[in-house]
Structure formats: structure tokens, C-alpha cells
Protein chains: 2
Amino acid sequence: MVEMKTDEIYQYLERIANLLRTDTRRSMVEKGLQPVQLEALHYLSHCNRYSDTPAGVADYLGLTKGTVSQTLGLMENIGMIEKLPDYKDRRVVHLQLTARGRKVIAETIPPKSLQLALDQMPGVEQDSILDVLDKLLRAMQVANQLRTFGVCKTCRHHRIEMDGRHRCALTGEFLENVDIDKICREHEVPV
Amino acid sequence: MVEMKTDEIYQYLERIANLLRTDTRRSMVEKGLQPVQLEALHYLSHCNRYSDTPAGVADYLGLTKGTVSQTLGLMENIGMIEKLPDYKDRRVVHLQLTARGRKVIAETIPPKSLQLALDQMPGVEQDSILDVLDKLLRAMQVANQLRTFGVCKTCRHHRIEMDGRHRCALTGEFLENVDIDKICREHEVPV
DNA sequence: AACCATAGTATCGAATCAAAACAACGTTGA
DNA sequence: TCAACGTTGTTTTGATTCGATACTATGGTT
């Protein structure tokens, strides 16, 4: 009984994912980009400074670092991103979107097929979609002990000091206001 | 405002799809199957006799028929499916799962990551997930004028004759009971 | 200083995928 | 009847993705 429900849910997710994939694939061809490259670009466009590295992208996309390294190399060549050295750890590389990269993201995300569908839907229903997807994702992350990739301010390492400044208890560093709304690969839900 | 919500929803869908993808990919390696092959197999395991063709698979997965033809050829070689000629139109080929194919599907769908997550969730919440995903998919299909791929009995071409037999008004043929719960590529929602 | 862990790169082979050309069959219409 | 056209499916080619493996460079630990 429960199993059948899981099967049904999986079927819906598979179908929706297929539609989104074909849509982005089609709209990417004209820009000379591949779907994976777009997903990486999208991730990089809204992750914080602890997460904008090749390893972060690999974790997020669920690919190996070798694969990701290649993809990022290509994206650098086309001028979508640029690599900056970390000034403390000389092994790590930070990835930043170029103006061109930001333009591409703005033009293609969210995909039109989804935008069209949601436009014709009352706001309450959009809220319930958001709510349900959040529950589902969280449940998957908890049940499978995966990285949660939540925004900084909802993390259990997030602290607000007495002087009002924000701080990450994991790294010990203070955070700018622009950082606390971005997603972080070290994110953990509070206990 | 609405746009931001779309972006958020897209992000959730992208993330969930990534998790499912990496999960199936990992569990497929041991069986020597690729993710796409599994999706095709899954589709073929529950579509009716109007839809179990290469063209049907191509529509469902959103791939070109050439690509699909290749994939299906491989799957026939490994003994997952077999091809049967249509007895009316000699161009069309029907695709059936072998016993081995059915076994693989039973073992791998739904993926464990999803099953685990849903197991620890009350039944009511599972229902609301199902409900929301159904709304979302339908909205996407309507807004983008795509094939709906619903089950036969919910189709506007579905008729019940006076003698109780089921009939498809599109093809004119009578349908067995096993057929009317399967998904059909000609499916259209009633007006 | 020795050792191990981590971040990232390079290379290789297998697989996906679209595009295009192609073959076979069915349908339409004069 | 036959010619034109559309449909179904296959084949081939080349670009791209992806994982596995081996590698370099740097940082941390004892």
C-alpha cells in the first residue's frame, strides 16, 4: 500500500524532471551550453564563499570531482566563469560568474515551461508546492544523511553576536549580510 | 514576487532530481544498466499497447527517435526487452519486458533514497505530496501543450459501452481490463 | 621530517545524445 | 493505379558527459 504510493510519487518526479530537462536542453542549444553546465552555473550564482569551489559543485550535482573539473574548465574557456585563488589555502579555487554568465542565468532560469505553468496558478497553490517540495527534499536528505545545502541563516552553525554581527561557528568567521541568504555546502539543520 | 517563487520551486525540483539521479546511477552500476535505460524500462513496464513503441518511449523521455532506437537496441541485446511486430502496421514495433527486465524493475523502482524518505513520513503527508505533484505536472502539461501520459480510464477517449465493455473512441478498439489502468501516449484530459 | 588527508587536474574509455540521411510502409488524392 | 507525402524506425557520425584512475600540489598531524 505504502509502496504503491512511493512508486506513484517517483513516477511524477521522473516525469516532471524529464519535462524540465527537455525544456532546458532545447533552450540551451541556442546558447551553446549543456544542461549540466547550466546547473553548475545556477548553483554558483547563489552559493556562499565556502561553497563556490569545484568540490562544492561536485557535491551539489552528485558527480565526481574529475567530471566537474572538466566541465568547469570548459565553462572557463567560454567565459562563463572565472577562477580565483583562495588567499589562505593555495589548493582551493573559487569560482565566480562573469557578467556573461550572470546574463545567461537570468535569461534561462527558471525555465519557461515551469514559469508558464505556475503563472496560471493561484498563489496559495504555489505556496503549497513550495511547502511540499521542501518537506520531501528535507526528508530525503535526513533519511540518506546527505548534505542539506540550505541557506546560511537556517544553519545550526549560524550565530548572531551581541553586537548584531553574524558569524559562522564552524569556520569562526564573520559574515556579510549578502552571505546569509546564500546556500552553503556545510549547512546542517539545527537539532 | 511570483518570479522568485518560481525560482525557488525550480531549485527544489532540480535538487530532488539530482538526488534521485545519483541514487539510481549508483544502484544501476551493479546491474550493468544506465539511468536512461532504466527509465525506458520503467515506462514500458506500465504503458498500454498503443504506447509500447519506440516513438512512445521517445515522446515520454523527450529524446529523439534516433537516440531511443539505439538505447532500445542495446536493451534488446542484454535481454531486458524483446521486439514484436505489429500485425496491422508493419512499420511499428511493440516492446515487451522480458522476465529479467521485470525483475530489474521490481528490484530498483522506487529508488531506495525515496523509499527511505517516505517511510518515515505520515500517510497524510504522502497524500499531499502526491496531490501537489499531480497538480504541478498537469499544469505544466496544459501550459505547454504536451502529451499528458495519463492512465487510459481518465482519458476523454475512454468509453464504457452499454454491455459494460471498455472502448477507446480514438482507435475504436475494445480494451481489456488490464489496459485501462495503464498509461497511454494518446491520453487527453476530458474537457 | 614523515606521513596522511584534501583540493584539484589530466587522461582514458564507455556511454549518451542530436542531427542527418536513409529505408520501409501506409495514406491520400487525383 | 500511381505518385506524392507523411510516418515509423534504423544507422552513422561527431560532440559531450561521465566515472575510474593516476597524478600534482598543498595543508595538517604526529
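As the structure is a prediction and not an experimental result, all values here were calculated from the model. Keep in mind that the numbers below use all heavy atoms, side chains included, and drop hydrogens, waters and symmetry copies. Each chain gets a letter, A, B and so on, in the order its sequence line appears, and its residues count up from 1.
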Is there any protein nitrogen or oxygen under 3.5 Å from a nitrogen or oxygen in nucleotides 4-6 of chain C, and what are the pairs?
from	atom 1	to	atom 2	distance (Å)
dT6(C)	O2	R91(A)	NH1	2.7

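- Across every non-hydrogen atom of L72(A) and I81(A), the tightest pair is O-CD1, 3.7 Å.
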Give the table of side-chain donor-acceptor pairs shorter than 3.5 Å for residues 32-41 of chain A, with sequence neighbours excluded, one pair per line with atom names and distance.
from	atom 1	to	atom 2	distance (Å)
Q37(A)	OE1	Q34(A)	N	3.4
E39(A)	OE1	N18(B)	ND2	3.3

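- Proximity of a side-chain donor or acceptor of R15(A) to a complementary backbone N or O of Y60(B) within less than 3.5 Å is detected.
- The pair R147(B)-E188(B) does not meet the salt-bridge criterion, since no charged nitrogen lies less than 4.0 angstrom from a carboxylate oxygen.
- When only modelled atom types and interatomic distance are considered, T154(B) and H187(B) share a side-chain donor-acceptor pair under 3.5 Å.
- Where V92(A) and T22(A) meet DNA chain C, the nucleotide closest to each residue was compared, and V92(A) sits on the side nearer the 5' end.
- Side-chain nitrogen and oxygen atoms of K83(A) include at least one within less than 4.0 Å of the OP1 or OP2 phosphate oxygen of dT9(C).
- Taken together through direct or relayed side-chain contacts under 4.5 Å among Ile, Leu, Val, Met, Phe, Trp and Tyr, L74(B) and L44(B) form parts of separate hydrophobic clusters.
- Nearest heavy atom pair, residue Q126(A) against residue I9(B), reads O-CD1, 4.0 Å.
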Inset, instruction - Evaluate the criterion salt bridge (charged side-chain N to carboxylate O under 4.0 Å, His left out) for residue pair R90(B) and D86(B); output intermediate values, then yes/no. - result: CA-CA 6 Å; R90(B) 282 191 295 178; D86(B) 189 288; over 6 Å; no
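- In this structure, CG of L74(B) is placed 11 Å from P of dC17(C), rounded to the nearest angstrom.
- Read 5' to 3', the first and last nucleotides of DNA chain D with an atom closer than 4.0 Å to a heavy atom of chain B are dG6(D) to dG19(D).
- For the segment residues 49-72 of chain B, the set of residues with a heavy atom within less than 4.0 Å of an atom of DNA chain D comprises T53(B), P54(B), A55(B), K65(B), G66(B), S69(B), Q70(B), in numerical order.
- With sequence neighbours excluded, the residues satisfying ring pair (Phe, Tyr, Trp, His ring centres under 6.0 Å) with Y10(A) are H42(B).
- Take K153(A) and apply the side-chain contact (heavy atoms from CB on, under 4.5 Å) test, not counting sequence neighbours, and it matches V151(A), H158(A), I180(A), D181(A).
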